[in-house]
Amino acid sequence: PGTGESIDFESRVPFLHGMGIISDQLYETIMEHCHGEVYTNPKTALCAQASDRFDRLYDEIYRPHILFKKCVYASSGTNDGSIERKILKEEAGVLKHPPPRLPMDCHNYGTYLSYFWANNNITRDALGIKKGSKDEWVRCHEGDLPYSFDIKSTIKYHRNMTLKGYPALVYSGDHDSAVPFLGTQSWVRSLNFPIVDEWRAWHLDGQSAGFTITYTNNLTFATVKGGGHTA
């Protein structure tokens, strides 16, 4: 549900406050002195100091799921050299751009394994990749793909599509701090569609699995209880 709007990120402040990760005092300071600024670009000294404290506390958690173990990012292009030593010697020789090796109990351990699966000759043969035609597969091409971000916000596209009658389900894991459900909920409400079915639980095997609300134009917003960024 990321839109490109600042609400995707500014909602981290009330979310982390509600989850007990930042204090009442810090929350109140940010709300009083940052005045809706994008917190990565504060305009006053007080806001800058508060943003710095916020960032230090935010770095203590695994952002895609605040309850999970904090692990390094499994990408070959975004890690600093200090974690290269974590790669097993026998694995380092296999790939030209190996990711940092993750403990097996890390949520994104499967992402680490994907490098070895995707670059395996059997996999490449099955995908029909001719030998020598493609270089090594890497997960994230940070900054080297030939495109630019020219759509600053997708909200107007959501509005246009739903007004044309296309049903939409917008869902958020309620433990995602990267794009918190509070921000998603806010932009969904900004569409100003009348409510058809009030806020309620949805169920799986007789237990609440999250909460949901339905609007006109076949638009539904839902949370996934216990879910993270990749709910």
Considering all heavy atoms, the nearest Tyr115-Val138 contact: CE2-CA, 3.8 Å
Aromatic ring proximity, centroids under 6.0 angstrom, Trp202 and Phe211: no
Heavy atoms of other groups near Tyr171 OH, more than 12 under 6.0 Å: no
Leu16 and its side chain to side chain contact (heavy atoms under 4.5 Å, CB included) partner, picked from Ile61, Leu26, Leu57: Ile61
Lys/Arg N to Asp/Glu carboxylate O, Arg63 vs Asp59, below 4.0 Å: yes
Residue pair Lys225 / Asp174: nearest heavy atoms and the distance that separates them: CA-OD2, 3.4 Å
Gap between atom OG1 of Thr3 and atom CD1 of Ile151 - 0.5 Å precision: 12.0 Å
Donor-acceptor contact present, side-chain Tyr58 to main-chain Arg53, <3.5 Å: no
Heavy-atom check, side chain of Phe221 versus side chain of Thr212, under 4.5 Å: no
Side-chain donor-acceptor contact under 3.5 Å, Asp24 with His17: yes
Rounded distance (nearest 0.5 Å) linking atom OG of Ser190 with atom NE2 of His158: 10.0 Å
Heavy-atom check, side chain of Tyr62 versus side chain of Asn108, under 4.5 Å: yes
Gap separating the CG atom of Asn121 from the NZ atom of Lys131, nearest 0.5 angstrom: 6.5 Å
N/O donor-acceptor pair under 3.5 Å between Thr123 side chain and Asn119 backbone: no
Beyond-backbone contact of Leu219 with Thr214, side-chain heavy atoms, under 4.5 angstrom: no
